[in-house]
Number of protein chains: 2
Amino acid sequence: MTARTPDSARDIPEATVARLPVYLRALTGLAEDGTTTCSSEELAATAGVNSAKLRKDLSYLGSYGTRGVGYDVEYLRYQIAREIGVTQDWPVVIVGIGNLGHALANYSGFRSRGFRVVALLDADPSRHDEVVAGLDVRSFEDLESIVAEHDVSIGVIATPAVAAHAVAERMVAAGITSILNFAPTVLSVPDGVDVRKVDLSIELQILAYHEQRKAVSPGSEDVS
Amino acid sequence: MTARTPDSARDIPEATVARLPVYLRALTGLAEDGTTTCSSEELAATAGVNSAKLRKDLSYLGSYGTRGVGYDVEYLRYQIAREIGVTQDWPVVIVGIGNLGHALANYSGFRSRGFRVVALLDADPSRHDEVVAGLDVRSFEDLESIVAEHDVSIGVIATPAVAAHAVAERMVAAGITSILNFAPTVLSVPDGVDVRKVDLSIELQILAYHEQRKAVSPGSEDVS
DNA sequence: CTCGTTTTGTTCTCCCGTTCACAAACTCCT
DNA sequence: AGGAGTTTGTGAACGGGAGAACAAAACGAG
Ligand SMILES: NC(=O)c1ccc[n+]([C@@H]2O[C@H](COP(=O)([O-])OP(=O)(O)OC[C@H]3O[C@@H](n4cnc5c(N)ncnc54)[C@H](O)[C@@H]3O)[C@@H](O)[C@H]2O)c1
Ligand SMILES: NC(=O)c1ccc[n+]([C@@H]2O[C@H](COP(=O)([O-])OP(=O)(O)OC[C@H]3O[C@@H](n4cnc5c(N)ncnc54)[C@H](O)[C@@H]3O)[C@@H](O)[C@H]2O)c1
């Protein structure tokens, strides 16, 4: 069962994958400031991580640095972008154009980072008149045709929790294989489909836990 | 330096703390369905985790189950809520009432989970006329007085990235010790202040990475 | 009361991720 | 050309978390 790795396609640890976008952003910032070269120490400081960790992370991609010198900002930026896959544009559909859906649709940070919102879908017909961020809000029934037309593989769920699972199943059936879920629900999906959840309430509750402990014993606390 | 643990205040692993809110939500769901007792197996399935992991997590809080029976839903729910600190109400301020700030202000999930938005602040005077979710949008200059008046310790940053660090420093100076940051910036704060970040673009980029790899070698993929 | 059944709480082992520390490699200066 | 000074890439130690597996405890049947 020895997995072949014919060309590249090394397997990068999940923790590293999660940090690569942070490095990418840090490098973009450095490039905008006119920096052409940086050491692992500088980049690590900008990205807010340990420099040894940064170097090890980058070493999974290859040897893109020069000893005694550092990394070429533009070159490294491209290499990370290529590895993540954001040199190409990823089409994205957003389902559930309520409070949160509106904010997401209007968010310019998607476009600048390799994602293109191709459709906004909502089950409520009264929403369908609306134009948000230059896109019509369309019927959820159009999901399949839109996914097929634009070859969409990434979907965002911003519906109420009760609707989320049905939406997810319909997405998967339509051919979507990556889901970003904002609804506070556990989604169970087939193998081969990735789900990531963003849960605001959980984040606040984690902060509350630490806050409560600070009140009792003002010890050392820190969170990534 | 042997840390005293006079009463409770055991130190719960960070990974466990991050899951407790998930269990809390699962228990609330079970309670609403009329379930009064559940096994670790059932609860784990509802929360989407391994049952051994669930039991170990709960064991950090104490022995709240009954062998051969399971857990009392309402009792366990209260114990977790108490441990996290959401039996009390946490006052929260939101800074930056743009696209995202509006969505957050209108989100009812805060209130129902022990958080109360006490103020909405924005630097743009043209926003100050507005009323969002029953609250006036007030000047950022009012931060200190609001924090003092309501004893706020949790702040949410929803400003553009360039403003985020200045806002964070001002929050910390005002006495806030926990920050939830939506701006794509690394915040450096003094010890004793917790920062958690929510970064949409990073989540999407992680999905894109896995998506790209699926296209090359359709192997096994899964993300929590 | 005793035995069998169920389910918790915990121990043990393995794996992943973090960090330290250092040799290898490159540049620059003399 | 050679040596001093930097900085990368990585081997190795360490710590924490995940999951399997099991003993202890509670309960019910007879
Ligand atoms: N608003 C926030 O700041 C916030 C924060 C964290 C989490 N969330 C979560 O995000 C989700 C959306 O929040 P919101 O405040 O935007 O809610 P919302 O009620 O404003 O919007 C939900 C939208 O989804 C649509 N919808 C409902 N069922 C649907 C279906 N089956 N298919 C397609 N569309 C459907 C509704 O018509 C509505 O427009 C919720 O699950 C909420 O818990 C929101
Ligand atoms: N909209 C989204 O869906 C989304 C998604 C992910 C991340 N983000 C991030 O969240 C942040 C907010 O996004 P947005 O779309 O709401 O932006 P926005 O421009 O709509 O809103 C930003 C608000 O912050 C206010 N502001 C600016 N400087 C301020 C200061 N110094 N003090 C107080 N208020 C100030 C502005 O007046 C404005 O009202 C950004 O950093 C963005 O990158 C947004």
Side-chain angles (χ1 to χ4, degrees), chain A residues 3 10-23 26-27 30 35-73 75-77 79-80 83 206 209 220-224, chain B residues 3 10-20 22-23 26-27 30 35-73 75-77 79-80 83 206 209-210 220-224:
Chain A
R10 303 145 289 249
D11 55 331
I12 298 178
E14 197 54 36
T16 297
V17 171
R19 282 187 295 267
L20 290 178
V22 179
Y23 304 153
L27 286 165
L30 289 174
T35 311
T36 59
T37 290
C38 71
S39 68
S40 64
E41 207 72 48
E42 289 173 72
L43 184 53
T46 313
V49 301
N50 180 298
S51 70
K53 182 154 56 176
L54 171 80
R55 286 199 300 277
K56 180 159 280 197
D57 283 343
L58 295 183
S59 76
Y60 290 113
L61 312 189
S63 283
Y64 295 136
T66 310
R67 297 178 190 218
V69 178
Y71 301 92
D72 181 281
V73 171
Y75 180 60
L76 183 58
R77 207 177 74 81
Q79 292 300 338
I80 294 179
E83 189 71 36
I206 294 171
Y209 169 79
S220 56
E221 285 294 337
D222 232 316
V223 181
S224 66
Chain B
R10 304 143 287 249
D11 55 332
I12 298 179
E14 196 54 36
T16 297
V17 172
R19 280 188 296 268
L20 290 179
V22 179
Y23 303 153
L27 286 165
L30 289 175
T35 310
T36 58
T37 291
C38 71
S39 69
S40 64
E41 207 72 48
E42 289 173 72
L43 184 53
T46 313
V49 301
N50 181 297
S51 70
K53 182 154 56 175
L54 170 81
R55 287 198 300 277
K56 182 177 280 195
D57 283 344
L58 294 183
S59 76
Y60 290 113
L61 312 189
S63 284
Y64 295 136
T66 309
R67 298 179 190 215
V69 178
Y71 301 92
D72 181 281
V73 171
Y75 181 60
L76 183 58
R77 207 178 74 80
Q79 292 301 336
I80 294 179
E83 190 71 37
I206 294 171
Y209 169 80
H210 292 296
S220 57
E221 287 293 338
D222 230 316
V223 181
S224 67

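Below, chain A is the first sequence line, B the second, and so on; all start at residue 1.
- At least one side-chain heavy atom of L58(A) sits under 4.5 Å from a side-chain heavy atom of I80(A).
- Scored by the side chain to side chain donor-acceptor pair (under 3.5 Å) test, Y71(B) finds no partners at all (sequence neighbours excluded).
- With rounding to the nearest 0.5 Å, the separation of CG in L30(A) from OG1 in T37(A) is 10.5 Å.
- With rounding to whole Å, L58(A) atom CG is found 13 Å from dT10(D) atom C1'.
- In summary, of the residues considered (L76(B), T16(B), V49(B)), a side-chain contact (heavy atoms from CB on, under 4.5 Å) with Y23(B) occurs for V49(B) alone.
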Could you pull out every donor-acceptor pair under 3.5 Å between side chains of residues 62-70 of chain A and any protein atom, sequence neighbours left out?
| unit_1 | atom_1 | unit_2 | atom_2 | d |
| --- | --- | --- | --- | --- |
| Y64(A) | OH | L61(A) | O | 3.3 |
| Y64(A) | OH | Q79(A) | OE1 | 3.2 |
| Y64(A) | OH | R82(A) | NH2 | 3.4 |

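- Between Q79(A) atom CD and dG9(D) atom C1' the separation is 16 Å, expressed in whole Å.
- Put simply, the side chain of E83(A) reaches to within 4.5 Å of the side chain of I12(A), judged on heavy atoms.
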Using a cut-off of 4.0 Å between protein heavy atoms and nucleotide atoms, how would you tag nucleotides 18-24 of chain D 5' to 3' with B, S and -? BBBB--B
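- Remark: T35(A) OG1 to D72(A) CG distance equals 11.5 Å, nearest 0.5 Å.
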Decide yes or no on side chain to side chain contact (heavy atoms under 4.5 Å, CB included) for I206(A) and E14(B), but give the supporting numbers first. CA-CA 9 Å; I206(A) 294 171; E14(B) 196 54 36; 3.9 Å; yes
When you look at T36(B) and V73(B), which way does the side chain to side chain contact (heavy atoms under 4.5 Å, CB included) test go after all the steps? CA-CA 5 Å; T36(B) 58; V73(B) 171; 5.7 Å; no
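- Across residues 36-49 of chain B, not one residue has a non-hydrogen atom less than 4.0 Å from an atom of DNA chain D.
- Residues satisfying the side chain to side chain donor-acceptor pair (under 3.5 Å) test with S40(B), not counting sequence neighbours, are R55(B).
- Residue Y60(A) is out of contact with every strand shown, counting any heavy-atom pair closer than 4.0 Å.
- Taking 4.0 Å as the cutoff to heavy atoms of chain B, we find the contact window on DNA chain C bounded by dT6(C) to dC12(C).
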